[in-house]
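Just so it is clear, the values below take in all heavy atoms, side chains as well, and ignore hydrogens, waters and symmetry mates. Computed from a predicted structure; not experimentally measured. Letters go in sequence order (proteins before strands), and every chain restarts at 1.
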Protein chains: 2
Amino acid sequence: MTEPSTSTTRTVDALRELILRGELQPGERLAEVDLATRLGVSRTPVRSALTQLASEGLVDIAPNRGARVVTWTVQELEDVFDLRTTLEPRAAALAAGNATAGDTAELADLAERMVGVGSPGPRQDLDVLAELNRQFHDRLSTLAGNSALAGALSGAVHAPIVLRNFHTYDVASLRRSLAHHVEIVAAIRAGDAVWAEAVMTAHMRNARAVMVTAAQAAEPDAPDRSTDRA
Amino acid sequence: MTEPSTSTTRTVDALRELILRGELQPGERLAEVDLATRLGVSRTPVRSALTQLASEGLVDIAPNRGARVVTWTVQELEDVFDLRTTLEPRAAALAAGNATAGDTAELADLAERMVGVGSPGPRQDLDVLAELNRQFHDRLSTLAGNSALAGALSGAVHAPIVLRNFHTYDVASLRRSLAHHVEIVAAIRAGDAVWAEAVMTAHMRNARAVMVTAAQAAEPDAPDRSTDRA
DNA sequence: TGTCGGCCGATTGTGTGCAATCCTCGGCGG
DNA sequence: CCGCCGAGGATTGCACACAATCGGCCGACA
């Protein structure tokens with residue numbers, strides 16, 4: 001069942017990694033020959049990879065004008081969070097009805113480790129936290145048992161800023177976020193879909209509030225924003 | 001703002017049209033040279049188009065084994081409808097808060113024409129109805145003003161069977177469906193997001209009931225897919 | 001007779017060349 | 001001084017050629 005590895009698939013993975021890690025910054029021009037020499041392949045798999053990443057929503061391609069890493073406006077970021085606020089609670093509710101004891105244990109383990117590396121102090125590591133968070137939500141998405149829902153979610157979460165966002169959390173929001181994961185596990189263990197859905201909704205709204213604030217701070221010249229610096 | 005027309009984009013549109021119209025049937029093999037000669041281009045834009053359609057979810061590509069039109073199991077169909085039941089009501093609610101009088105008039109016109117061509121009788125034309133229905137939901141999705149939501153929805157609606165489904169409606173369900181559209185317009189005109197959301201939810205559940213029944217009838221030997229994992 | 005192994009046609013994956021298009025920069029006119 | 005216009009360089013879009021891989025057929029052997 002292992003996906004055969006072709007130059008194209010490797011190029012896709014490499015580019016996605018570069019973009020998600022931020023080594024290719026939003027708005028940056030992606031010249032085909034440049035990437036090709038950099039990755040040691042010809043232009044053909046690079047082109048193929050770019051079109052694929054384009055439909056994943058990671059790059060924008062304008063005919064005859066090349067590809068660029070997607071840039072996110074505050075509006076689009078809010079849109080993504082609104083979408084996630086619609087989808088993730090549904091996934092949590094479905095997961096609450098499907099999870100076995102083993103599944104719940106896995107989620108509990110993840111949530112516990114997140115508290116470990118996420119709590120303020122010397123052992124805090126926000127990059128590890130981000131990875132665990134991704135695993136947690138992925139696991140939940142899979143547990144929901146709806147492939148279409150999972151696909152829609154994975155498309156929405158790709159926004160690089162979403163994946164590397166814990167650095168922007170203030171202490172109170174971060175504590176809430178960690179507590180949410182633990183509570184979601186509790187709701188799922190209890191098989192309570194309504195409870196899981198409600199906590200996940202709160203989780204998303206909390207994340208959205210942090211995110212939007214950070215994005216506005218990062219775009220100080222953003223037009224027409226009533227709340228700005230103090 | 002018009003997208004420049006390249007061979008690749010034309011090929012994408014042509015293939016999508018062929019698949020959605022059913023001229024390329026689910027499971028059918030898509031040989032590159034065959035499509036290339038058929039569309040009068042070389043293999044390069046065809047390959048590019050296929051990868052793009054693959055990430056739109058219309059074709060499956062297996063490395064070294066070519067592309068096929070996607071096939072839909074009953075389970076996946078139910079998943080798509082569950083997803084739409086999550087997304088469309090949200091879109092309707094957002095649209096209710098955004099629609100201008102002009103928007104409402106357009107939607108009302110569409111709904112009225114749908115009643116015209118959808119009602120049983122000599123003037124019934126289910127293919128036109130399907131097209132109007134697509135326009136109606138597209139319009140609503142745009143009115144919601146959330147590009148991420150619109151993207152997720154367009155991905156979910158692509159299932160060919162979803163677009164050509166009115167032929168499977170029984171009379172009562174079809175009447176309900178037509179009435180739903182009219183009622184959604186009324187809710188939007190009133191700016192009542194809760195109302196719009198509720199009617200849309202009913203609309204989706206009605207459609208799902210028809211669809212699943214039809215699909216099960218078409219796949220009488222479908223085994224219990226409860227443990228399906230893709 | 002059933003199964004295994006290797007050959008061969010067909011199809012996809014990749015590299016490269018050429019034409020078309022776009023962006024930049026310098027020159028000219030208002 | 002500013003804006004328009006055209007030439008040149010650079011980059012993408014497309015086509016074709018070659019290499020790699022897959023699936024099926026046929027024959028040999030147990």
Looking at the side chain of [X], which of [options] is the nearest nucleotide?
X       : options                : answer
A:Arg29 : D:dC14, D:dT12, C:dG15 : D:dT12
A:Arg47 : C:dT12, C:dG15, D:dG13 : D:dG13
B:Pro45 : D:dC22, D:dA15, C:dG13 : D:dA15

**Request:** Select base, sugar-phosphate, or nothing to describe what A:Thr8 touches, counting heavy atoms under 4.0 Å on all strands.
**Result:**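 Sugar-phosphate: the residue A:Thr8, judged by heavy atoms under 4.0 Å, touches backbone atoms but no base.
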**Request:** Mind checking B:Leu50 for me? I need base, sugar-phosphate or nothing, with any heavy atom below 4.0 Å counting as a touch.
**Result:** nothing
Between [N] and [X], is there an OP1 or OP2 to side-chain N/O distance shorter than 4.0 Å?
X       : N      : result
A:Thr44 : C:dT14 : no
A:Arg65 : C:dT21 : no
B:Ser42 : D:dC14 : no
A:Ser7  : C:dT14 : yes

**Asked** Which residue, B:Ala31 or A:Gly40, contacts DNA chain C at a nucleotide closer to its 5' end, judged by nearest heavy atom?
**Response**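 Its nearest nucleotide being more 5', the pick is B:Ala31.
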Between [X] ([atom1]) and [N] ([atom2]), how many Å, whole number?
X       : N      : atom1 : atom2 : value
B:Asn64 : C:dG13 : CG    : P     : 5 Å
B:Asp34 : C:dT11 : CG    : P     : 9 Å
A:Ile61 : D:dT11 : CD1   : P     : 17 Å
B:Arg68 : D:dG23 : CZ    : P     : 10 Å
A:Glu32 : D:dC14 : CD    : C1'   : 12 Å

Does any non-hydrogen side-chain atom of [Y] lie less than 4.5 Å from one of [X]?
X        : Y        : value
B:Ile188 : B:Leu140 : yes
B:Ser177 : B:His181 : yes
A:Thr11  : A:Ser48  : no

**Message:** With no hydrogens and no angle check, just 3.5 Å: does a side-chain donor-acceptor pair link B:Ser7 and B:Arg10?
**Reply:**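 Checked: B:Ser7/B:Arg10 side chains pair up, N/O donor to acceptor below 3.5 Å.
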**Message:** Quiz question: by atom type and distance under 3.5 Å, do the side chains of A:Asp82 and A:Thr85 form a donor-acceptor pair?
**Reply:** no
**Request:** Give a yes or no on whether a donor-acceptor pair under 3.5 Å exists between the nucleobase atoms of D:dG13, that is its base, and the side chain of A:Arg43.
**Result:**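 Pair found.
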